[in-house]
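These numbers come from a predicted model, not from an experiment. Letters go in sequence order (proteins before strands), and every chain restarts at 1.
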Protein chains: 2
Amino acid sequence: MKEITIQQNKVLDCIQEYINKTGFPPTRANICKELGFKSPNSAETHLRALEKKGFINIESGTSRGISLVNPVEIEEDGFPIIGLVAAGSPTLASENIEKTVNCPPTFFGSGFDYFLRVRGLSMKDAGIMEDDLIAVKKTQDIRNGDIVVARIEDEVTVKYFERKSPEVVHLIPANEDFKNIEIDLRETEIHIEGKSVGLIREN
Amino acid sequence: MKEITIQQNKVLDCIQEYINKTGFPPTRANICKELGFKSPNSAETHLRALEKKGFINIESGTSRGISLVNPVEIEEDGFPIIGLVAAGSPTLASENIEKTVNCPPTFFGSGFDYFLRVRGLSMKDAGIMEDDLIAVKKTQDIRNGDIVVARIEDEVTVKYFERKSPEVVHLIPANEDFKNIEIDLRETEIHIEGKSVGLIREN
DNA sequence: AATTATACTGAATATATATACAGTATATTA
DNA sequence: TAATATACTGTATATATATTCAGTATAATT
């Protein structure tokens with residue numbers, strides 16, 4: 001943003017105050033009255049300067065057609081979006097990060113660690129569609145019925161979690177076209193990366 | 001707050017939209033263009049009714065001198081969550097707002113206006129479940145296949161939009177347990193509040 | 001020394017805008 | 001049955017408003 005003069009700043013403040021007070025922007029005459037100018041052209045030239053410097057927009061030929069340009073906020077580091085990496089677990093290594101999303105940490109209640117972009121339709125009936133982002137919380141506190149991000153060997157998948165016995169775990173899809181994954185922990189190693197605590201869909 | 005008619009509500013929403021879009025309130029002519037009226041007096045009488053009922057203030061003799069009595073604060077990054085109101089459209093009036101959600105305005109690409117909490121499972125196969133929040137963008141730019149928030153009489157619903165002919169519109173659920181809603185525009189009035197541009201699920 | 005930006009006054013004007021007036025029509029209320 | 005509210009079209013007009021033009025003056029650049 002370019003430099004601004006003291007007088008131009010007064011005009012800018014005047015516009016802001018006027019909108020706050022009345023709900024609509026001032027006319028040239030209004031600005032003159034507020035700031036003690038005696039000619040509407042005084043306001044006009046200041047407005048043109050403010051427009052040129054990018055502080056306001058002026059809609060030509062339109063009464064009160066002044067709008068404030070809000071400076072774009074510098075986004076903070078948000079939460080990483082991670083793709084389902086074919087081999088290996090979804091780590092937070094930078095090469096796996098698609099981009100980051102700016103949102104409050106408490107967005108999904110108790111907090112979460114990253115977003116995972118969903119591939120496939122195996123959880124369709126749970127309302128989880130392809131390309132959705134599920135908010136994943138890294139935890140081992142898993143209960144039956146939770147939607148978990150699980151890694152079996154080098155495969156990462158999202159499913160309902162059901163512990164059938166101390167040795168047997170079922171990973172259950174929400175789509176009748178897919179079959180349950182039945183795991184005997186004595187034969188196959190499984191690692192729970194975390195559980196889904198929320199979802200975001202960008203159309 | 002007193003009762004409000006459907007047409008008056010449209011005018012009220014139109015004013016809110018216009019301010020959000022441009023930064024300043026509309027003229028009578030602007031309202032006519034937005035809502036298809038052919039006489040500025042159509043807007044005028046609605047404005048007077050809204051003023052009488054306390055929804056707006058009108059500054060006499062002042063261009064664009066309309067101000068909303070209960071304006072929705074456009075916070076830096078707070079968006080209102082609105083419940084499906086039985087009677088009338090989901091307005092941004094404060095009594096309809098559940099709470100607000102902090103998230104960047106550009107969260108869902110081109111921007112949106114509010115969140116609507118979904119009731120029922122009529123859009124289940126589109127991955128929209130009960131209690132999900134859909135991000136709604138207020139627009140009349142609807143294409144076939146879009147997921148829209150539509151109001152028929154006093155009923156608000158979320159469905160796929162399909163225009164079959166200039167006079168016939170189908171609202172199609174994404175759930176085989178629900179039937180298509182077929183609307184003849186010559187018999188039944190329909191108002192498109194906006195379209196879904198994203199979704200958030202809080203577990 | 002010439003140009004450009006800032007900072008005003010003052011007058012003039014095309015048009016953008018609010019608003020009144022005259023109608024038509026339907027539905028609701030007293 | 002009359003009165004009132006809603007919901008419009010259509011025309012007209014006083015005035016509110018943006019915007020240009022003609023000046024004056026100071027300070028900063030080129």
Separation of D:dC8 atom C1' from B:Ile6 atom CD1, nearest Å, is 16 Å

Taking CD1 from B:Ile31 and P from D:dT9, how many angstroms apart are they, rounded to a whole number? 13 Å

Distance, rounded to the nearest Å, where B:Glu51 contributes CD and D:dA5 contributes C1': 16 Å

Roughly, in whole Å, what's the span from CG in B:Asn9 to P in D:dA7? 11 Å

Does a salt bridge link B:Arg117 with B:Glu202, judged by any charged N lying under 4.0 Å from a carboxylate O? yes

Any side-chain to backbone donor/acceptor pair from B:Thr45 onto B:Ser42? Under 3.5 Å, distance only. yes

Under a 4.0 Å threshold between the charged nitrogen and the carboxylate oxygen, would B:Arg201 count as salt-bridged to B:Asp132? yes

Is any side-chain N of the basic residue among B:Asp177 and B:Lys179 closer than 4.0 Å to the acidic one's carboxylate O? no

Taking OP1 and OP2 of C:dT6, is either one under 4.0 Å from a side-chain nitrogen or oxygen of A:His46? no

With a 4.0 Å cut-off on N to O distance, would you call B:Lys195 and B:Asp146 a salt bridge? yes

Of all residues at least two apart in sequence or in a different chain, which pass the ring-ring contact (aromatic ring centres under 6.0 Å, His included) check with B:Phe24? none

Tell me, for nucleotides 9-18 of chain C in 5' to 3' order, what letter each nucleotide earns: B for a base near a protein heavy atom under 4.0 Å, S for only sugar-phosphate near one, - for neither? BB-----SSS

Here the distance between atom P of D:dA5 and atom NZ of B:Lys53, to the nearest Å, is 10 Å

Strictly below 4.0 Å: does A:Gln8 bring a side-chain N or O up to OP1 or OP2 of C:dT6? yes

Flag the pair B:Glu34 and B:Lys21 as a salt bridge only when some basic side-chain nitrogen lies within less than 4.0 angstrom of an acidic carboxylate oxygen. yes

A:Leu47 has an atom CG; how far is it from atom P of D:dT19, in whole Å? 10 Å

For B:Leu50 and D:dA5, give me the distance from atom CG to atom P, rounded to whole Å. 15 Å

Under-3.5 Å N/O pairs linking protein and nucleotides 24-30 of chain D:
none

Would you kindly say whether A:Thr157 and A:Lys159 are connected by a side-chain donor-acceptor distance under 3.5 Å? yes

Side chains of B:Arg64 and A:Ser63: donor-acceptor distance under 3.5 Å anywhere? yes

